[in-house]
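Shown next, in structure tokens, is the structure this report addresses.
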Amino acid sequence: MTRKTVRVASYNIRKARGLDQVRAPERILAVINGLNADVVAVQEADHRLGDRPAAIPREMIEKETDFQIVDVATSGASLGFHGNAVLARKSLGPTQVRHITLTGLEPRGAVRVDFENLPFSFIATHLGLLRNNRRKQLGEIRDASDDARPTVIAGDFNEWRAARGLEPLHDRYTIHSPGQSFHARRPVAALDRIALSNGLQLKDAGVEQGPLASRASDHLPIWADISLS
């Protein structure tokens, strides 16, 4: 049967440290498995010090999920680039990865992945804490996308306002906030977003608010179903 939708997701896992201050990578993976997503952008997938070791062991992901770890890391110890990792169903076949270094007062980045069996590029990112930096970073992400190919941008946009700070994407993208995803204990802000370029249609979207997700990280994961018909 021809696939009619693709589910993408985004999750800031806070280095697998839950609200109980316990680092529990198996708990994060259980939440991710429950999203039933095809592609997942993961933020804070690596620790920040030293050689930035992965917050979730690779062998645990391979054993406990059906996801492939897309090879975006520049260090053998890490899962991601500037903490941004991408998990994808093995059938999708990643073909190309592009690293996007973002300017700002703090180290930030994004990764663009193209897949053999998806009709769009997927960009995973974690934007900075200052709005002026975020505007510049979104412009850099916009410039790194291919105008001839549909693109999905997913990640922690770190923007508390609904109508400010996202202007660099407005000419080509529709930005969706599936719901309030931060703080997991008492969600009050839609920091996590998914942007779809012109031509891509959102079918449904939401925030995972189950009891496990509500304590696994300080962010709740978001998801979106994109229509391919």
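Numbers here simply count residues along the sequence, with the first being 1.
Of the residues Ser181, Ser177, Ser10, the one that meets the side-chain hydrogen bond (donor to acceptor under 3.5 Å, both in side chains) test with Asp192 is Ser181. Results of the side-chain contact (heavy atoms from CB on, under 4.5 Å) test with Val6 over Asp225, Leu92, Leu118 single out Leu118 as the only residue that passes.
Side chain to side chain, Ser78 and Arg52 fail the donor-acceptor criterion of an N or O pair below 3.5 Å. A donor and an acceptor atom, one from each side chain of Thr103 and Glu140, are located under 3.5 Å apart. In summary, the side chains of Ser121 and Asp114 do present a donor paired with an acceptor at a separation below 3.5 Å, with no hydrogens or angles considered. Donor-acceptor pairing under 3.5 Å is recorded for the side chains of His126 and Arg108.
Asp66 approaches Arg89 most closely through the heavy-atom pair CB-NH1, 3.3 Å. In this structure, Arg58 and Ala73 approach most closely via the heavy-atom pair NH2-CB, 4.3 Å. Heavy-atom minimum distance, Leu212 versus Ala30: CD2-CB, 3.6 Å. The two residues Ala85 and Ala45 make their nearest non-hydrogen contact at CB-CB, 3.8 Å. Nearest heavy-atom pair, Leu35 versus Ala9, reported as atom, atom and distance to 0.1 Å: CD1-CB, 3.9 Å. Across all their heavy atoms, Ala55 and Pro25 have their closest contact at O-CB, 3.9 Å.
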Steps toward side-chain contact (heavy atoms from CB on, under 4.5 Å) verdict (His219, Leu191): CA-CA 9 Å; His219 284 247; Leu191 300 188; 4.0 Å; yes
Worked check of side-chain contact (heavy atoms from CB on, under 4.5 Å) between Thr95 and Phe115: CA-CA 5 Å; Thr95 59; Phe115 295 91; 5.8 Å; no
Evaluation steps, side-chain contact (heavy atoms from CB on, under 4.5 Å), between Leu138 and Leu166: CA-CA 7 Å; Leu138 286 173; Leu166 308 174; 3.8 Å; yes
Verdict with supporting geometry, Arg14 and Leu19, side-chain contact (heavy atoms from CB on, under 4.5 Å): CA-CA 10 Å; Arg14 196 169 72 151; Leu19 298 189; 4.0 Å; yes
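A 4.5 Å side-chain heavy-atom check between Ser197 and Val152 finds every atom pair outside the cut-off. Within the 4.5 Å cutoff, the side chain of Leu87 has no heavy atoms near those of the Tyr11 side chain. Counting heavy atoms from C-beta on, the side chains of Gln43 and Ile13 never come closer than 4.5 Å. Between Phe81 and Thr74, the closest side-chain pair of non-hydrogen atoms falls below 4.5 Å. Within the 4.5 Å cutoff, side-chain heavy atoms of Ile141 are placed close to those of Leu102. Contact annotation: the side chain of Ile153 never approaches that of Ile194 to less than 4.5 Å [non-hydrogen atoms, C-beta and beyond]. You'll find the side chain of Phe67 stays beyond 4.5 Å of the side chain of Glu62, heavy atoms only. Annotation: side chain of Ile226 is not in contact with side chain of Gln201 (no heavy-atom distance under 4.5 Å).
A donor-acceptor pair under 3.5 Å is formed between the side chain of Glu208 and the backbone N or O of Gly210. In this structure, Asp46 contributes its side chain and Leu79 its backbone to a donor-acceptor pair below 3.5 Å. Proximity of a side-chain donor or acceptor of Glu106 to a complementary backbone N or O of Leu129 within less than 3.5 Å is detected. A donor-acceptor pair under 3.5 Å is formed between the side chain of Arg215 and the backbone N or O of Pro211. A donor-acceptor contact shorter than 3.5 Å is absent between the side chain of His176 and the backbone of Pro178. Side-chain N or O atoms of Glu167 include one that pairs as donor or acceptor with a backbone N or O of Gly165 at under 3.5 Å. Distance alone, capped at 3.5 Å, is enough to place a donor-acceptor pair between the Ser217 side chain and the Asn12 backbone. Within the 3.5 Å criterion, the main-chain N or O of Val70 finds no donor-acceptor partner in the side chain of Gln68. A donor-acceptor contact shorter than 3.5 Å links the side chain of Asn33 to the backbone of Glu64. Not one N or O on the side chain of Arg142 forms a donor-acceptor pair closer than 3.5 Å with the backbone of Arg172.
The cluster map of Ile, Leu, Val, Met, Phe, Trp and Tyr, joined by side-chain heavy atoms under 4.5 Å apart, puts Phe120 and Val111 in the same cluster. Val97 and Phe122 fall within the same hydrophobic cluster, defined by Ile, Leu, Val, Met, Phe, Trp and Tyr side-chain heavy atoms under 4.5 Å apart, directly or through other members. Hydrophobic clustering (ILVMFWY, side-chain heavy atoms < 4.5 Å, transitive): Ile123 and Val72 are in distinct clusters. Note on Leu202: it clusters hydrophobically with Leu200, by side-chain heavy-atom contacts below 4.5 Å among ILVMFWY residues. In the hydrophobic clustering of this structure, Val31 groups with Leu29; members are Ile, Leu, Val, Met, Phe, Trp, Tyr whose side-chain heavy atoms approach within less than 4.5 Å, directly or through other members.
The distance from the OG atom of Ser214 to the CD atom of Gln209 is 7.0 Å, given to the nearest 0.5 Å. Note that CG of Asp171 and CG of Asn198 are 8.0 Å apart. Values are rounded to the nearest 0.5 Å. Here the straight-line distance linking atom CZ of Arg164 with atom CZ of Arg134 works out to 10.0 Å at 0.5 Å rounding. Rounding to the nearest 0.5 Å gives a distance of 9.5 Å between CD of Glu44 and CG of Asn84. The structure places CG of Leu228 at 7.0 Å from OG1 of Thr5, a figure rounded to the nearest 0.5 Å. The CD atom of Glu59 sits 9.0 Å away from atom CD1 of Ile61, with the distance rounded to the nearest 0.5 Å.
Classified by interplanar angle (parallel below 30°, tilted 30° to 60°, perpendicular above 60°), the ring pair Trp160/Phe182 is perpendicular.
Look at Arg7 and Asp38 and you find no salt bridge, because none of the NZ, NE, NH1 or NH2 atoms lies under 4.0 Å from a carboxylate O. Comment: Arg193 does not engage Asp156 in a salt bridge, judged by the lack of any side-chain N to carboxylate O separation of less than 4.0 angstrom. A salt bridge links Arg27 with Asp20: the closest approach of a Lys/Arg side-chain nitrogen to an acidic carboxylate oxygen falls below 4.0 angstrom.
Heavy-atom neighbours of Lys90 NZ from other residues, nucleotides or ligands within 6.0 Å: above the threshold of 12.
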